[in-house]
**Q** 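If you scroll down you'll find the structure; I have some questions about it.
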Amino acid sequence: MKDLNSKLLNKFDNLYKQEKSNKILENAIKNVGINKVCLNNEIVNKTRNIFSIELPKSKIYNQEESERCWIHAGINLIKNNVAKNLNIEESEYALSVNYLAFLDKLEKSNTIYNRIIENDDFNYEEEIKKDYLKFGVYEGGYFEYFRSLVNKYGIVPELVMPDVKCSKVSRDLTRILSDKVKKDVFKLIKLKKEKRNNFDEIKEGMLKENYNLLAKCLGELPFTFDYEYKDKDGKCRKITNITPKEFADKYLTIELNNLIGVANVPMYNKEYNKLYRKNYTENVYANSYVEFINMPIEVLKNLAIRHLKDGIPVYFGCDMKKMRENDLGVMDSELYNYKDAFNIELLSKEEALSMYDIDFQHVMLITGVHIENEKVIRWKIEDSYGDKVHKDGYYIMNDNFFEDFVIEVIIDKKYLSKEQLEILNQEPILFDVTEPF
């Protein structure tokens, strides 16, 4: 049988009516929705906001209607370190996200232009499949993007370049800049066909236009700044005429270049103990490759715990589309009882990755863990949607969610074994930009 027909549908309906609980569930779901009916309150009730290892709370950011979670998580990773070196109260200190978001968009446009200019055999049919033309100045990103921006341009306090309307609600800016860059792409393709050779001058003009657009929406970049503050001892301090790069070199003492991606991607075309690189994915041209070593999930957990024991938070990426309750601030692989409600089997992590059903969707920070009898029970997660959501801005992530939905943790190389470090010397295996990472 290849086709559905009315006789078969009638058979299904009669069988449905024979199971009396189906109608009860149908009425409940129609009235309040799937997740409210399927919410497993036993899991909610036993999920405690208690952690055996817990880092101090810090200022909670709010990315609002933007897709800058990767910048927020990066700022969250370093802000306490900068505050400590300035002798400022950590819970109140903030660095500028807007500054890095401006530079990210400008760098992404430059990377697109370079790819067109350097491609002497441009084939539109092939290039469009690589996604950089379609999503070139999108807001999303990875730790490698954050590191490349900080290494190149430094950082500034939030007061120097605060968020504005277009950085908090960014879709219009992203759309307009994207349209402009795509128009530039067609101009460059045409000029390449005409055998033009003054592309440095042409590209500079395009980048100048992009800077002007971004400055009008986000504010001008600070090339030097003064910074006044009161330290923990109540003393007034003033830093004068410092560049963002000088500020980072002096007050950021976390060595970002020692941090690497350790991922758990057990899909059909990935092996453990291999080094992988995502193709055509970078913001700063040829200096922000997205790479990870692929390891079993227990390795990621153990490395994250070692960070936390040393008082260091963990930058991580996961899929948040499933099995989290936003208002309660709970993440658990069995939070919704879809199995019993619908008599279905859920996808394993390997199956979900292989079917592109989950991916590297959101980036946050691990700031605590609860361990009982050497067994991990739950993790404390700092998000970037303000302190009025979840539990004062934090999620409680039960360990089964880590196993099923965490994709990558960013780890200092000093915690890796000799064998794990050797993987970094492998020639990276390139994988397609559309794959779920």
Side-chain angles (χ1 to χ4, degrees), residues 55 61 63 66-82 95-97 99-101 103-105 107-108 111 138-155 248 252-265 275-295 299-301 303-304 306-308 312-320 359-367 379 381-384 402 405-416 420-421 423-424 428 431 433 435-437:
L55 305 188
Y61 284 80
Q63 69 182 78
S66 72
E67 297 178 4
R68 305 171 300 167
C69 60
W70 59 278
I71 303 180
H72 281 89
I75 291 292
N76 287 336
L77 179 67
I78 67 173
K79 66 178 187 282
N80 283 6
N81 173 264
V82 175
L95 294 167
S96 173
V97 173
Y99 173 70
L100 295 177
L103 291 163
D104 173 63
K105 282 183 163 60
E107 285 284 356
K108 283 173 176 170
T111 291
Y138 73 114
E139 273 206 305
Y142 299 84
F143 171 76
E144 290 85 352
Y145 290 13
F146 176 80
R147 175 173 58 201
S148 66
L149 293 172
V150 173
N151 283 345
K152 188 172 182 179
Y153 297 107
I155 52 177
L252 174 59
T253 53
I254 294 174
E255 183 47 70
L256 297 179
N257 292 327
N258 286 341
L259 302 177
I260 60 107
V262 182
N264 176 244
V265 189
L275 177 66
Y276 289 92
R277 177 183 293 176
K278 193 172 180 73
N279 217 351
Y280 307 108
T281 306
E282 53 192 318
N283 59 352
V284 177
Y285 188 63
N287 197 28
S288 53
Y289 301 118
V290 176
E291 291 185 343
F292 64 84
I293 58 174
N294 198 23
M295 304 296 290
V299 174
L300 277 68
K301 290 190 206 176
L303 290 169
R306 292 182 66 186
H307 261 242
L308 295 170
I312 306 169
V314 180
Y315 183 112
F316 81 106
C318 67
D319 190 291
M320 291 281 285
D359 58 16
F360 192 98
Q361 182 227 352
H362 190 44
V363 180
M364 298 181 286
L365 212 66
I366 302 174
T367 62
W379 305 80
I381 307 300
E382 180 179 346
D383 200 7
S384 51
F402 191 119
F405 298 108
V406 168
I407 307 294
E408 180 191 45
V409 293
I410 300 297
I411 298 296
D412 193 307
K413 288 189 286 189
K414 70 182 181 182
Y415 295 106
L416 300 182
Q420 290 165 345
L421 283 170
I423 299 172
L424 296 173
F431 65 96
V433 66
E435 290 193 27
F437 182 87

**Q** About how many Å separate CG of Leu100 and CD1 of Ile71, when rounded to the nearest 0.5 Å?
**A** 5.5 Å
**Q** If you round to the nearest 0.5 Å, how far is CE of Met295 from CD of Glu408?
**A**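 That separation rounds to 13.5 Å.
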**Q** Decide yes or no on side-chain contact (heavy atoms from CB on, under 4.5 Å) for Leu95 and Tyr61, but give the supporting numbers first.
**A** CA-CA 10 Å; Leu95 294 167; Tyr61 284 80; 4.1 Å; yes
**Q** Look only at the side chain of Trp70 and the backbone of Glu144, and say whether a donor-acceptor pair between them is shorter than 3.5 Å.
**A** no
**Q** Backbone N or O of Tyr99 within a donor-acceptor pair of the Tyr153 side chain at under 3.5 Å?
**A**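 Between the backbone of Tyr99 and the side chain of Tyr153 there is no qualifying donor-acceptor contact (under 3.5 Å).
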**Q** What heavy-atom pair brings Asn279 and Val433 nearest, and what distance separates the two atoms?
**A**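 Smallest heavy-atom distance, with atoms named: O-CB, 3.3 Å.
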**Q** When you look at Asn81 and Thr253, which way does the side-chain hydrogen bond (donor to acceptor under 3.5 Å, both in side chains) test go after all the steps?
**A** CA-CA 7 Å; Asn81 173 264; Thr253 53; 2.9 Å; yes
**Q** Quick check for you: to the nearest 0.5 Å, what is the distance between His362 atom NE2 and Phe316 atom CZ?
**A**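 Going from NE2 on His362 over to CZ on Phe316, the span is 8.0 Å.
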**Q** Are the side chains of Asp359 and Ile407 in contact, using a 4.5 Å heavy-atom criterion?
**A**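 Side-chain contact under 4.5 Å: no.
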**Q** Which pair of non-hydrogen atoms, one from Leu365 and one from Leu77, has the smallest distance, and what is that distance?
**A** CD2-N, 3.9 Å
**Q** So, using salt bridge (charged side-chain N to carboxylate O under 4.0 Å, His left out) as the criterion, who are the partners of Lys79 when residues are at least two apart?
**A** Glu382
**Q** Do any N or O atoms from the side chain of Asn283 and from the backbone of Asp104 form a donor-acceptor pair under 3.5 angstrom?
**A** no
**Q** Check the pair Tyr145 / Thr281 against side-chain contact (heavy atoms from CB on, under 4.5 Å), numbers first and verdict last.
**A** CA-CA 9 Å; Tyr145 290 13; Thr281 306; 3.0 Å; yes
**Q** Mind checking salt bridge (charged side-chain N to carboxylate O under 4.0 Å, His left out) for Arg306 and listing every partner two or more places apart, or none if nothing turns up?
**A** none
**Q** For residues Lys413 and Leu421, report the shortest heavy-atom separation together with the two atoms involved.
**A** O-CD2, 3.8 Å
**Q** Measure from the side-chain N and O atoms of Asp412 to the backbone N and O of Leu259, and report whether any donor-acceptor pair falls under 3.5 Å.
**A** no
**Q** Can you tell me how far the CG atom of Leu149 sits from the CG atom of Leu103, to the nearest 0.5 Å?
**A** 6.5 Å
**Q** Within the 3.5 Å criterion, strictly below it, is a donor on Asn287 or Ser148 matched to an acceptor on the partner's side chain?
**A**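 No, no side-chain donor-acceptor contact under 3.5 Å.
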**Q** How close do Ala304 and Trp379 get, heavy atom to heavy atom, and via which atoms?
**A**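 Nearest heavy atoms, Ala304 then Trp379: CB-CZ3, 4.0 Å.
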**Q** Give me each pair satisfying salt bridge (charged side-chain N to carboxylate O under 4.0 Å, His left out) with a member in residues 279-289, each pair once, sequence neighbours excluded.
**A**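 Non-adjacent pairs meeting salt bridge (charged side-chain N to carboxylate O under 4.0 Å, His left out): Arg115-Glu282.
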**Q** Could you list the residues that satisfy side-chain hydrogen bond (donor to acceptor under 3.5 Å, both in side chains) with Tyr289, not counting sequence neighbours?
**A** none
**Q** For side-chain contact (heavy atoms from CB on, under 4.5 Å), just list the numbers for Val406 and Asn264, CA-CA rounded to whole Å, side-chain angles, deciding distance to a tenth of an Å, and then say yes or no.
**A** CA-CA 8 Å; Val406 168; Asn264 176 244; over 6 Å; no
**Q** Do Glu435 and Tyr276 have a side chain donor and acceptor closer than 3.5 Å?
**A**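 Note: Glu435 and Tyr276 side chains miss the donor-acceptor criterion.
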**Q** Taking Met364 as the fixed residue, which of Cys69, Ser384, Cys318 is the one that meets the side chain to side chain contact (heavy atoms under 4.5 Å, CB included) rule?
**A** Cys318
**Q** Identify, with sequence neighbours excluded, every residue that meets ring-ring contact (aromatic ring centres under 6.0 Å, His included) alongside Phe431.
**A** Phe292
**Q** For Glu67 and Gln63, work out which heavy atoms get closest and say how close.
**A** CA-NE2, 4.0 Å
**Q** Ile312: what forms a side-chain contact (heavy atoms from CB on, under 4.5 Å) with it, not counting sequence neighbours?
**A** His307, Asp310, Tyr415
**Q** Below 4.5 Å, heavy atoms only, C-beta onward: do Phe402 and Leu300 meet side chain to side chain?
**A** yes
**Q** Are the side chain of Glu139 and the backbone of Arg68 linked by a donor-acceptor contact shorter than 3.5 Å?
**A**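 No; zero donor-acceptor contacts below 3.5 Å.
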**Q** Measuring from atom CD1 of Ile411 to atom CG of Leu416, what distance do you get when rounded to the nearest 0.5 angstrom?
**A** 7.5 Å
**Q** Determine whether the aromatic ring centres of residues Tyr142 and Phe360 are separated by less than 6.0 angstrom.
**A**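 That pair passes the under 6.0 Å test.
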**Q** Apply side-chain contact (heavy atoms from CB on, under 4.5 Å) to Glu291 and Leu424, showing your working.
**A** CA-CA 9 Å; Glu291 291 185 343; Leu424 296 173; 6.0 Å; no
**Q** Please report the interatomic distance CG(Leu256) to CZ(Phe146), rounded to the nearest 0.5 Å.
**A** 6.0 Å
**Q** Of all the heavy-atom pairs spanning Ile155 and Ala248, show the shortest one and how long it is.
**A** CG1-CB, 3.8 Å
